[in-house]
Protein chains: 2
Amino acid sequence: MTSIEKHNHDHSLESHKACVSLVPIFKHLDEEQLDEIMAATRSVSFEKGEIIYREGDEADSLYIIHKGKVRIYRLTEAGKEQLVRLLNPGDFTGETALFTDSVHESYAEAMMETKVCVIQRSVLQGFLLKFPSISLKILQEFSNRLNTSETQTTRFSSETVETRIALFLTEQMDQKNDRNIVYLPMSKKDLASYLGTTPETISRKFAELEAKGLIRQKSTRQIEILEVDELLLV
Amino acid sequence: MTSIEKHNHDHSLESHKACVSLVPIFKHLDEEQLDEIMAATRSVSFEKGEIIYREGDEADSLYIIHKGKVRIYRLTEAGKEQLVRLLNPGDFTGETALFTDSVHESYAEAMMETKVCVIQRSVLQGFLLKFPSISLKILQEFSNRLNTSETQTTRFSSETVETRIALFLTEQMDQKNDRNIVYLPMSKKDLASYLGTTPETISRKFAELEAKGLIRQKSTRQIEILEVDELLLV
DNA sequence: CGTTGGCTTGAATGAGGTCAACGGCGGTGG
DNA sequence: CCACCGCCGTTGACCTCATTCAAGCCAACG
């Protein structure tokens, strides 16, 4: 029995339909095609803190987030968590192993009450051949992730922690420019994990950047960027 | 004029056909389909040291290696090279930007005389919709790369250089088990870049591992693994 | 109101990067 | 065929950045 089977399926049809029809990779399909996909998928809910899948689990399904937030992380040899990415509604996961070997290399954990739409590997492959446009959507997503991941690797390989923080902050700024306020999408602890460092170092570096007058910490999750240009020169 | 247009196209039909028909992502197609793809692609050759594309170049083509060897690397903020991967015949590159933005984030450099098969973005997208099975092949490849890249990121984030070397060596061993001899697929300099460290450190760590009796350096590129289990405990 | 978990700060340690010098090897040209 | 050059790899000395360990603070929550 896999971990998802232990959970209550969501039998509400409307909710399930909403789940399927809203996800970006299916959005362009017509009513009839959506029905076909709906029939082959199911909705599953997870509580905060529950593990959706863990390293070593057989990977035979694609999970599309409908509601909530999911943390994808890996463990280093030493057992330390490395945050790989956060998933929001519309994002999907589980795909890596869908096309290759069948074991997950990462962990997926619900950060709050989360609803996901699950598609079996074999079913998905059928859809991909039948509706080639879905492949293009997934290829695009993969492409983005690959780029992000390789950029991250490059940064880890030789940038200082300070530079990584600066790059992270300025990239967040680009996303939605509420003037120069950055809302951290995760806790400082998770940020440390994501940036490949420790909470202590994050704390110190933020303090340093603030002392230099480059940023201002308005609250734990809210950072005002005072000097963008200088920040990038760090 | 992009960099590839500066080069001699390979007008030999047989060679071009060999190029197209041999690549894994097209292998399963029939004669007629191959002809269609051949017509829409072209072969281009590069000398040792030539750059196939560089960071910032418009990315509008997929490159499939037919002959030779290619280094894909990125530059860090500080201008240091980070080796991302090596391409051998049958591998492809240029795809990342094919589905998203249109600018390369990495460099591709021919390490020896190299022949590649080039497909324009728009043409490729057409093929993907027409022959959905190609998408599956590419998805599979992406999936592998993504996994490799995320594994690499995780390792960079907190493993020591020694551990990264040990993991690299044992993984190489798995590939082809000529007893316990590992043939390094690249120079130590490139290996340093790939593992996110410096040639000096690589040199020292190899010497340490040898002193501990875990490995033996038979020649520059040939490493004998003496104690696999201990190596993994480093 | 005590506990838990996130965040901060201090001090000590160490892994690995940098700089510099040198030996070896292969290619090139006289 | 030899001399020279350039690049790779190695080794030593030094130094810096960031992790680790430890302790304390604060806010949220049962």
Side-chain angles (χ1 to χ4, degrees), chain A residues 47-49 71 73 76-83 109 111-112 154-166 168 183-212 215-223 234, chain B residues 47-49 71 76-83 109 111-113 154-168 184-212 215-223 234:
Chain A
E47 300 290 311
K48 172 175 178 171
R71 254 162 54 89
Y73 63 90
T76 64
E77 298 277 312
K80 212 174 122 188
E81 279 184 21
Q82 160 67 30
L83 183 62
E109 175 194 334
M111 297 173 76
M112 51 175 73
T154 303
R155 288 184 185 168
F156 279 19
S157 82
S158 68
E159 318 281 16
T160 65
V161 171
E162 200 159 281
T163 307
R164 278 179 260 160
I165 292 176
F168 177 82
Y183 296 86
L184 298 183
M186 56 189 113
S187 68
K188 295 230 173 95
K189 187 172 180 263
D190 277 341
L191 184 60
S193 173
Y194 183 69
L195 295 180
T197 180
T198 59
E200 292 96 322
T201 301
I202 288 282
S203 185
R204 278 186 259 269
K205 292 303 178 187
F206 269 80
E208 274 180 44
L209 292 174
E210 189 159 25
K212 288 188 203 162
I215 67 171
R216 199 165 72 79
Q217 305 193 56
K218 302 185 61 140
S219 71
T220 2
R221 295 267 188 122
Q222 229 176 128
I223 313 289
V234 171
Chain B
E47 299 290 311
K48 172 176 178 171
R71 255 162 53 89
T76 64
E77 299 276 312
K80 211 174 123 187
E81 278 185 21
Q82 159 67 31
L83 183 61
E109 176 194 335
M111 298 173 75
M112 52 175 71
E113 206 205 327
T154 302
R155 288 183 186 169
F156 280 22
S157 83
S158 68
E159 319 280 18
T160 64
V161 170
E162 200 159 280
T163 307
R164 277 179 262 160
I165 292 176
L167 289 167
F168 178 82
L184 298 183
M186 55 188 113
S187 69
K188 294 230 174 96
K189 188 174 181 261
D190 277 341
L191 183 61
S193 173
Y194 182 68
L195 295 180
T197 180
T198 60
E200 292 96 322
T201 300
I202 287 283
S203 184
R204 278 186 259 270
K205 293 301 178 186
F206 268 79
E208 273 180 44
L209 291 174
E210 189 159 24
K212 289 188 203 161
I215 66 171
R216 199 167 73 81
Q217 305 192 56
K218 302 187 62 144
S219 70
T220 1
R221 295 266 188 122
Q222 231 176 127
I223 313 290
V234 170

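No hydrogens, no waters, no symmetry mates; every other heavy atom, side chains included, goes into these values. Letters A, B, ... mirror the listed sequences (proteins, then strands); counts begin at 1.
- If you take CD of B:Glu162 and C1' of C:dG16, they are 12 Å apart, rounded to a whole angstrom.
- Nucleic acid contact for A:Lys205: sugar-phosphate only, since backbone atoms but no base atoms lie under 4.0 Å from a heavy atom of the residue.
- Ranking D:dA18, D:dG9, C:dG17 by closeness to the B:Ser187 side chain, first place goes to D:dG9.
- Closest to the side chain of B:Ser203, out of D:dT10, C:dC7, D:dA13, is D:dT10.
- Closest to the side chain of A:Lys189, from the set C:dG17, C:dG6, C:dT8, is C:dG6.
- In this structure, A:Pro199 and A:Ala192 approach most closely via the heavy-atom pair N-CB, 3.5 Å.
- Put simply, B:Thr201 has a side-chain N or O that comes within less than 4.0 Å of OP1 or OP2 on C:dG17.
- Closest to the side chain of A:Val161, from the set C:dG16, D:dT10, D:dT19, is D:dT19.
- One atom, CG of A:Leu191, and another, C1' of C:dT8, lie 15 Å apart when rounded to the nearest Å.
- Rounded to whole Å, atom C1' of D:dG9 lies 17 Å from atom CD of B:Gln222.
- Of the candidate nucleotides C:dG6, D:dT19, D:dG9, D:dT19 has the atom lying nearest to any side-chain atom of A:Arg204.
- If you measure from atom CZ of A:Arg71 to atom C1' of C:dG6, you get 13 Å, rounded to the nearest angstrom.
- Between the side chain of B:Glu162 and the main chain of B:Lys205, no donor-acceptor pair closer than 3.5 Å is present.
- Among the protein residues, A:Thr160 comes within range of the sugar-phosphate backbone only, with heavy atoms under 4.0 Å from sugar or phosphate atoms but none that close to a base.
- Residue A:Gln217 places at least one side-chain N or O under 4.0 Å from the OP1 or OP2 atom of C:dT8.
- The distance between atom CD of A:Glu200 and atom P of D:dT20, rounded to the nearest whole Å, is 8 Å.
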- Task: Give the intermediate values and the outcome of side chain to side chain contact (heavy atoms under 4.5 Å, CB included) for residues B:Thr198 and B:Lys80.
- Result: CA-CA 10 Å; B:Thr198 60; B:Lys80 211 174 123 187; 4.3 Å; yes
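- Of the candidate nucleotides C:dG17, C:dC7, C:dT8, C:dC7 has the atom lying nearest to any side-chain atom of A:Thr220.
- One atom, CZ of B:Phe206, and another, P of D:dT11, lie 13 Å apart when rounded to the nearest Å.
- In terms of heavy-atom proximity, A:Met111 sits nearest to A:Lys48 at O-CG, 3.5 Å.
- Backbone-only contact: B:Thr197 has heavy atoms under 4.0 Å from sugar-phosphate atoms and none from a base.
- Summarising the geometry, the separation between CZ on B:Phe156 and P on D:dA18 is reported as 16 Å, rounded to the nearest angstrom.
- When heavy atoms are screened at a 4.0 angstrom cut-off, B:Glu159 is found touching no nucleic acid atom at all.
- When each of B:Thr201, B:Thr160, B:Ile215, B:Leu209 is tested with B:Ile165 by the rule side chain to side chain contact (heavy atoms under 4.5 Å, CB included), just one qualifies, namely B:Leu209.
- The two residues B:Thr76 and A:Ser157 make their nearest non-hydrogen contact at CG2-OG, 4.2 Å.
- Taking only side-chain atoms of B:Pro199, from C-beta outward, the nucleotide of D:dT10, D:dT11, C:dT9 with the closest atom is D:dT10.
- Per the geometry, CG belonging to B:Leu83 stands 13 Å off P belonging to D:dC8, to the nearest Å.
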